[in-house]
Amino acid sequence: MKKRKVLGISAIVLLSLFVGPFLKRKIQSTVTVRDTFKTTKAADFYVVSSDGIRAFGLKENKIKQLSHQKSELAHYPNPTIAKAEFENRYLVFSDQNSAGPSGINRPTISMDFQKGKIIKTPTAYDPYTGSGYSENYFYTHQATSEDGGIYTFDKFGKKVNSYQFNSLSIGYSKFVGAAGKLYFPITHDPKSGKEMANHENSLLIFDEKPKLKLVDEIYLEDNPTYTYMPNEIEQVGDYLYMTITGVRDRESKERIADNRLMVINKKDYQKSFITLGEDYPSFIYKSKDEQYLFITHPTTMVGKSILSVYNVVSGAKYQIDLSQLMDVSGTDKVSGSDVVSVNTSRDGEKLLILTHDAILVYDLLTSSLSATFPLAEGDNPHIYVWPN
């Protein structure tokens with residue numbers, strides 16, 4: 001009898017060790033959590049990571065860490081999913097990379113860099129397919145094997161709207177909006193809406209208000225022998241810029257590397273192309289003053305971490321080899337130099353590059369590296385670099 005009792009107690013203990021944490025996460029995933037962090041005018045920028053917020057100062061081409069405030073911000077941040085900035089004050093993003101335990105709602109996270117407030121709102125509509133933003137809203141996209149939807153959140157991370165598809169529509173990792181319009185590129189078969197034998201691409205245009213409404217669809221394919229393989233989209237003025245990582249042969253289905261940006265005029269939807277100096281353009285960012293575009297070329301595809309810089313005004317372009325600029329001992333300069341987040345200072349003169357192992361400051365006026373700071377993420381993935 002005593003032996004049975006001991007075994008029973010042991011089973012209960014073991015069960016609690018495995019089930020307890022899950023139940024805790026399950027309960028937490030239904031409750032909105034509020035937290036605070038300290039801001040400082042002395043900071044030139046902040047680095048947001050899954051374990052908290054670091055403030056940095058930049059003086060005489062040297063980076064100094066001013067503070068590190070611990071906070072359990074996110075469990076599964078995904079660098080390929082878009083983050084949104086609002087009013088030079090709010091950062092909104094999702095804690096999602098399809099790796100967390102099933103049945104757990106991930107939060108939409110809103111950070112207020114003016115008042116130092118954090119709101120984490122659990123939602124079932126995390127961006128396991130992609131995300132996007134406009135001037136007023138943060139969006140998530142979910143594509144299932146048959147349908148899916150786009151979900152709208154405000155700057156506080158509260159869900160306010162949605163649009164449901166009635167057929168399979170796979171969006172990109174980032175989509176954008178402006179002036180009351182949302183531009184959503186998708187891969188599908190525009191004729192049947194179901195079978196994707198050739199993975200054809202269209203640009204969907206939505207009105208944002210009074211509710212999300214599909215108003216137009218622009219077919220993007222223009223070649224009889226191949227279809228495009230886009231990855232992300234960004235906008236500057238009247239133009240949309242889309243990274244084309246490769247093309248796909250319609251007959252053999254072979255994937256061939258590409259090195260272009262597709263440029264779409266929002267007035268008449270005519271297309272043109274910009275050729276870059278490296279294959280596999282992937283993620284795309286723009287400067288605060290909208291004079292520059294920054295395009296990543298990941299190490300897994302080209303063997304080094306390349307960041308293309310394109311001047312939208314002059315058309316000038318050049319490349320920064322981040323894997324050569326890394327000056328961090330004891331790290332893998334190739335994989336460690338892959339980009340997590342790119343931003344620019346408020347005056348538009350400094351390029352802030354957050355990689356897995358460092359933060360780099362690059363002077364856009366002189367096209368030269370200003371400073372680096374080792375910042376290996378380890379078990380706490382980096383999320384975003386925020387200019388103060």
Side-chain angles (χ1 to χ4, degrees), residues 82 84 129-137 139 141 143 148-150 152 163 165-194 196 198-248 250 258-276 281-286 290-295 308 310-313 315 317:
T129 305
S131 60
Y133 51 80
S134 64
E135 295 106 321
N136 300 305
Y137 300 110
Y139 294 94
H141 171 49
I150 304 174
T152 312
Y163 177 89
F165 293 101
N166 57 16
S167 62
L168 173 60
S169 299
I170 302 177
Y172 305 161
S173 59
K174 183 176 82 171
F175 48 95
V176 291
K181 300 289 186 182
L182 180 68
Y183 301 95
F184 184 77
I186 62 168
T187 299
H188 69 157
D189 184 336
K191 297 177 182 178
S192 70
K194 295 180 180 179
M196 293 201 306
N198 285 313
H199 295 79
E200 296 177 323
N201 297 277
S202 291
L203 178 67
L204 302 185
I205 296 96
F206 292 85
D207 279 340
E208 288 189 304
K209 294 180 178 180
K211 63 179 182 178
L212 208 56
K213 178 183 178 182
L214 180 62
V215 294
D216 206 351
E217 177 176 349
I218 308 301
Y219 186 54
L220 297 179
E221 302 298 342
D222 55 14
N223 194 289
T225 61
Y226 63 76
T227 58
Y228 296 108
M229 297 175 64
N231 190 69
E232 279 201 350
I233 190 170
E234 187 52 273
Q235 62 184 336
V236 175
D238 292 327
Y239 294 91
L240 300 168
Y241 296 84
M242 189 182 308
T243 56
I244 306 297
T245 61
V247 295
R248 190 171 185 264
R250 290 180 180 269
D258 207 328
N259 63 343
R260 292 178 292 171
L261 298 179
M262 180 187 289
V263 185
I264 304 171
N265 189 325
K266 293 192 291 185
K267 293 182 178 180
D268 56 14
Y269 301 113
Q270 293 298 305
K271 303 193 300 291
S272 60
F273 293 88
I274 297 169
T275 301
L276 302 174
S282 184
F283 307 130
I284 184 168
Y285 310 84
K286 66 180 178 181
E290 298 196 341
Q291 289 194 26
Y292 294 95
L293 291 173
F294 310 104
I295 304 99
S308 289
Y310 175 72
N311 189 309
V312 177
V313 179
K317 51 191 173 184

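Worth saying up front: this structure is predicted, and the values here are computed from it rather than measured.
- Put simply, the side chain of Lys211 does not reach to within 4.5 Å of the side chain of Thr152, judged on heavy atoms.
- Taking both residues in full, the closest heavy atoms of Val176 and Ile233 are given as CG1-O, 3.7 Å, listed atom of the first, atom of the second, then distance.
- Between Phe165 and Phe206, the two ring planes are perpendicular [angle over 60°; tilted spans 30° to 60°].
- When every heavy atom of Leu220 is checked against every heavy atom of Met242, the shortest pair comes out as CD1-CE, 3.9 Å.
- Looking at every heavy atom in both residues, Asn223 comes nearest to Thr225 through OD1-OG1, 2.6 Å.
- Listed for the Asn201 side chain is a donor-acceptor partner under 3.5 Å among the backbone atoms of Tyr228.
- With rounding to the nearest 0.5 angstrom, the OH atom of Tyr172 is 8.0 Å from the CD1 atom of Ile186.
- Interatomic distance, CG of Leu182 versus CG of Leu212, reported as 6.0 Å (0.5 Å rounding).
- With salt bridges taken as basic N to acidic carboxylate O contacts below 4.0 Å, none links Lys271 and Glu221.
- Listed by chain and residue number, nothing satisfies the side chain to side chain donor-acceptor pair (under 3.5 Å) test with Gln291 (two or more places apart in sequence, or in another chain).
- No more than 12 heavy atoms of other residues, nucleotides or ligands sit less than 6.0 Å from atom OH of Tyr239.
- Counting only heavy atoms from C-beta outward, the side chains of Tyr310 and Val312 approach each other to under 4.5 Å.
- Qualifying side chain to side chain donor-acceptor pair (under 3.5 Å) partners for Thr129, counting only residues two or more places apart in sequence or in other chains: none.
- The two residues Glu217 and Ser202 come nearest to each other via the heavy atoms OE2-OG, 3.1 Å.
- Taking the side-chain contact (heavy atoms from CB on, under 4.5 Å) definition, one finds that Glu135 meets it with Ala178, sequence neighbours left out.
- Ring geometry, Phe175 versus His141: the interplanar angle exceeds 60°, so the pair is classed perpendicular (tilted spans 30 to 60°).
- When side chains are defined from C-beta on, Arg250 counts as touching Glu200, because their heavy atoms get closer than 4.5 Å.
- One finds the NZ atom of Lys286 at 8.5 Å from the CG atom of Leu293 (value rounded to the nearest 0.5 Å).
- Looking at Asn259, its side chain does come within 3.5 Å of a backbone N or O of Leu276 through a donor-acceptor pair.
- Cation-pi geometry between Lys174 and Tyr285 is met: the NZ or CZ atom falls under 6.0 Å from the ring centre, inside 45° of the normal.
- By the side-chain contact (heavy atoms from CB on, under 4.5 Å) test, Asn231 is found to be paired with Ser173, Thr243, Thr245, Ser282, Phe283, residues two or more places apart in sequence or in another chain being considered.
- Between Leu203 and Leu240, the closest side-chain pair of non-hydrogen atoms falls below 4.5 Å.
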Might you work through the side chain to side chain contact (heavy atoms under 4.5 Å, CB included) test for Phe294 and Ile284, ending with a clear yes or no? CA-CA 6 Å; Phe294 310 104; Ile284 184 168; over 6 Å; no
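- For Phe184 against Gly171, the heavy-atom pair with the smallest separation is CZ-CA, 3.8 Å.
- The minimum heavy-atom distance linking Asp216 with Tyr269 is given by the pair OD2-CE1, 4.4 Å.
- The shortest distance between side-chain heavy atoms of Glu234 and Leu261 does not fall below 4.5 Å.
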Under the side chain to side chain contact (heavy atoms under 4.5 Å, CB included) criterion, do Tyr241 and Ile274 qualify, and how do the steps go? CA-CA 9 Å; Tyr241 296 84; Ile274 297 169; 4.0 Å; yes
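- Atom CG of Asp222 sits about 6.5 Å away from atom CE of Met262, to the nearest 0.5 Å.
- Lys317 is linked by a side chain to side chain donor-acceptor pair (under 3.5 Å) to nothing, counting only residues two or more places apart in sequence or in another chain.
- Listed by chain and number, the residues in a side chain to side chain donor-acceptor pair (under 3.5 Å) with Gln235 are Lys266 (sequence neighbours excluded).
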